[in-house]
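Some notes on the structure that comes next.
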Amino acid sequence: MQMQVAKDMKNKLVYSFADGDGHNKKLLGGKGANLCEMTQIGLNVPPGFVITTEACLEYLEQDALPQELMASVKDEIGKLEAATGKTFGTGPDPLLVSVRSGSALSMPGMMDTILNLGLNHETLAGVIEQTGDERFAYDAYRRFIQLFGKVALGIGDEKFDEHFEEVKRRVGVKADVALDASHLKEISQRFLAVVRQETGEDFPQDVMVQLQLAVESVFRSWMGKRAVDYRREFHITPDMANGTAVNICTMVFGNMGDDCATGVGFTRNPGTGDNEMFGEYLTNAQGEDVVAGIRTPKPLVEMADEMPTQYAQLVDLRNKLESHYQEIQDYEFTIEKGTLYCLQTRNGKMNAAASVKTSVEMYDEKLISREQALLRIDPELLEQLLHPSLDPDSAVEPIALGLPASPGAASGKCVFDADLAEKLGKSGEKVILVREETRPEDIHGFFAAEGILTSRGGKTSHAAVVARGMGKPCVAGAEGIEVDVALRLARVGDYVLHEGDVITLDGGTGEVYLGAIPTQQAHFSEELKVLLEWADAVADLKVMADADSPEAARKAHEYGAMGIGLCRTERMFNASDRLPIVIDMILANSEEERKEALNNLLPIQRADFIELFSVMAPDPVTVRLLDPPMHEFLPTENQLLEEVKTLSIYRDVVRGRQTALASIASPPPLPEAFTELSEEHVNDALIKKERMLQKVRELQETNPMLGHRGVRLGITYPEIYAMQIEAILEAAVECAKKGIKVQPEIMVPQVITSQELAYVKRIVDELTERLEKASGEKLRFKFGTMIETVRACTRARPLAESAEFFSFGTNDLTQATFSFSREDAENKFLPMYNDSEILQDNPFEVLDIQGVGQLIEMAVRRGREVREDIKIGICGEQGGHPQSIRFCHHVGLTYVSCSGPRVPIARLAAANAKLREEDFVIPGR
Ligand code: ADP
Ligand code: MG
Ligand code: MG
């Protein structure tokens, strides 16, 4: 009785396209859900049904199909027979189906599809009789045997290809369309023999057995190496996609003659975003022919002349798809004897430029709202726009031209197979994968390559689609290139490329060059400006940049930074004109000497700040007072020891020379440099080096990152911080006098207690009073602290009493929270921790929300209790990471600060964070 209930309650495992829920991609897979949806909105989809991902999971768990599954499948086949008037496995008009995989997330080319299933001796005869087209029947048959052999029986493609090529060679033709019925019949028979030879059994004749084996093999492909690698690389968790569905779909034929075709389309151009018919097709072809690069396909627009009626239907299909999905679609279609069928649709993957352009245009066309326009773009995608392109002024002639399949420019050593590409790529070499055409099993080579070059296939070939998805440049179908993998070389006209020669690709133009061509920075499109302005209007978070120099600030400003969130003053100290003064300051023996050096530094710092403030005016600039330990400005002990040694030797030489000269009656004249470099000089230099060495030894620390640095240094040598504060405030006065509105912010690093802040604040107050009196100007600035120690988080309340702003320094705060030193972690154990999933991410790149985030949350709450309007931000690498930004929005920060080129990403992410706040959850809560 109990068993019975459990069985009845079990979920339905099979849905017909007419019934399945088009929104339930987790259950039906993306392809299946969309086939249902398209059927239900009245598009012409061949009848079919979906076996759910739950059935797949059950199969994988129990290593057997769910008990009642094949019975339900049989029922559905019955419905297909009724709908089409065809019969499965028998009769004069046999039903043939495709068996197609499809998980919740599209994993292009990751799993295999079997076409023409249902053919056996009997139905083959039926097809011949019914169509009167023997050639077509055998063409379908040989395709089925090979696909089924490969996917369900595990027989390698090459076993079949051998025979195919042999027959073609014998007949003397290049393209498969040139083969006639007798050739294809011979090929089919050879293929059947291959199956017998490889499996020891005859090709299965029972069509339900064919179907069951096919379903099982699709299910198993979910755990195949290709699929598992792909999921790992793209961080696809079971939460996002778990198991594959199987779609069983009535076959329609694009290979029944010249009134038939098959093709793939994008509702807009995915390379440029232009609103135009885009795609490729082949007449008299089936299924994968277009994407496999077997013949070079024709652009869709040519169909307007070749098949005008069907072209008009295709335009209509495209419009309906786009207005229904409110998104660019990537679709597959087949025309059988003049009738257009849609076989698949999914959201189109585009490059960043096209995504941005279509977002703005679809809003203008009133197809989507502004929110949708912002949400449909993954902020990380914008990274591509900040990638370099080829310098147009480099007047180098390309050696080959292919199709511009995925934009961007890249140089690297050419490599002719994926394994070697992976090997070299992992060892840090830049490589370009060069292939005749690519296949899904080449995927590991893509990950390692800077760019991909193929000599066959179109803009929708495997290479093009995968490269676009990864944002890597790709030139496809460069027909002038002949790749000879065995000889490890490629011929391009008169050139011979050897493996390892450097080439450059321009995926935006399709050009291929010899050698490494210089590249140039990308610039902002008008559409990107518009989109990011919409983002700024939506977002609560402000986006600042980390910038240490006026040039960096200028760049950040172009990227749309709303201020500088972190200016590290030590970077200014390191410039070659300052370092000697800084060293003098460090070597100073008394406060007097130190003050003298600082007096020399003051005007230089002031000038820096004036420029920086002016560039960013009227936006705020947060200046962090000196942070690193002093010894970072000095040479290392070993270097100094070496120099002292050399100088001592030189001193002996000088002495020796003098002794020698004294012994000669009339010595020859000496060159000037020799006389100048007297013993006295060498001695001075030696003393200075020795003093430096002594200082370096004095300053030596076991753990410098936890040692004498930050505010601790500022309190030990208050004159250093006083000089910096004076430079900041004087710069503000200067700017004010010129009528430039500036907002300096003085930030104290490494604070653990409010007493430290109070100490520095006293210096600030004294200087402010003095300067205001002297200049008559009222100084406007903020005083605040970095929060980068655990204690500062716990003591946020008292700190907020003197701090007008907090800035989380998440690099140090992460080190402190994990008790990891960043360098040691990243170089030694972090990769291993990531591989074994002890830690999901690198916490120095992606904010550790569960740990560090909790400290931040607490500090924000405590800080605001004391000072309601306290300005709070985050600086550090994590500040530009979209997932971290969602958290920053969630806990109510005022701003994030990140490196300049990540500012556009952060701006879009800030808007997305706001729009998606409702479904934000803190991981693990
Ligand atoms: P993928 O996920 O690799 O795109 P598909 O399941 O879409 O695999 O199928 C591979 C190819 O076979 C595609 O070109 C598709 O259009 C074609 N195809 C699939 N099912 C049918 C069918 N029922 N009739 C005709 N062509 C089909
Ligand atoms: Mg496939
Ligand atoms: Mg497909």
Side-chain angles (χ1 to χ4, degrees), residues 17 28-35 38-39 44-51 77 80 83-84 86 95-119 136 139-140 143-144 146-148 150-151 211 214-215 217-218 221-222 226-227 230 241 244-256 260-266 279-282 284-294 297 329-337 339-349 438-441 443 457-458 460-462 464-466 469:
F17 291 169
L28 303 179
K31 194 184 288 173
N34 280 331
L35 284 166
M38 289 195 293
T39 303
N44 198 24
V45 176
F49 57 92
V50 192
I51 305 175
I77 290 281
L80 295 190
T84 60
K86 296 171 189 278
L95 171 71
L96 304 186
V97 295
S98 60
V99 177
R100 319 168 63 187
S101 58
S103 71
L105 288 181
S106 108
M107 297 164 56
M110 284 297 102
M111 286 173 289
D112 291 299
T113 291
I114 298 174
L115 300 179
N116 308 331
L117 187 140
L119 281 173
F136 159 74
D139 190 39
R143 287 171 196 266
F144 172 49
Q146 176 164 3
L147 276 170
F148 188 87
K150 173 183 169 187
V151 177
L211 192 53
V215 169
S217 70
V218 172
S221 72
W222 179 253
R226 267 195 269 156
Y230 189 94
T244 176
V246 178
N247 303 286
I248 314 266
C249 183
T250 305
M251 280 305 300
V252 290
F253 298 100
N255 53 338
M256 274 186 168
C260 301
T262 183
V264 295
F266 274 82
E280 290 170 319
Y281 76 110
L282 277 174
N284 201 9
Q286 188 175 44
E288 303 275 23
D289 291 359
V290 176
V291 288
I294 289 166
Q329 295 295 295
D330 164 356
Y331 60 100
E332 292 176 358
F333 66 90
T334 283
I335 296 168
E336 177 183 308
K337 300 246 168 252
T339 307
L340 173 70
Y341 294 91
C342 189
L343 290 172
Q344 187 181 332
T345 194
R346 60 181 171 217
N347 291 345
K349 284 194 178 152
T438 62
R439 294 188 170 207
E441 41 272 40
I443 193 85
T460 44
S461 65
H462 175 263
V465 172
V466 175

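Each ligand, and each atom within it, is numbered from 1 in the order the structure gives.
Under a 4.0 Å criterion applied to the non-hydrogen atoms of Cys249, ligand 1 contributes the atoms 23 (N). Every atom of ligand 1 is numbered from 1 in the order shown, and the set under 4.0 Å from a heavy atom of Thr250 is 22 (C), 23 (N). For ligand 1, the atoms closer than 4.0 angstrom to any heavy atom of Ser98 are 19 (C), 20 (N), 21 (C), 22 (C), 23 (N).
Looking at Met251 against ligand 1, both its backbone and its side chain come within 4.0 Å, counting heavy atoms. With a 4.0 Å cut-off on non-hydrogen atoms, Val252 touches ligand 1 through its backbone as well as its side chain.
Residues Leu119 and Phe144 come closest through the heavy atom pair O-CE2, 3.5 Å. Looking at every heavy atom in both residues, Leu117 comes nearest to Ala214 through CD1-CB, 3.7 Å.
Between the CD1 atom in Ile114 and the CZ atom in Phe148 there is a gap of 6.0 Å [rounded to 0.5 Å].
Distance alone, capped at 3.5 Å, places no donor-acceptor pair between the Ser98 side chain and the Arg100 backbone. Under the 3.5 Å distance criterion, the side-chain polar atoms of Asn255 are left unmatched by any main-chain donor or acceptor of Gln286.
In terms of polar-atom proximity, defined here as any N/O pair under 3.5 Å, Arg100 does make such a contact with ligand 1.
Considering each of Asn255, Ile114, Leu115, Ile248, the one bringing a non-hydrogen atom nearest atom 12 (O) of ligand 1 is Leu115.
Ligand 1 has at least one atom lying under 4.0 Å from a heavy atom of Lys31.
Between OE1 of Glu332 and OE1 of Gln344, the angle at the Mg ion (ligand 3) works out to 80°, rounded to 10 degrees.
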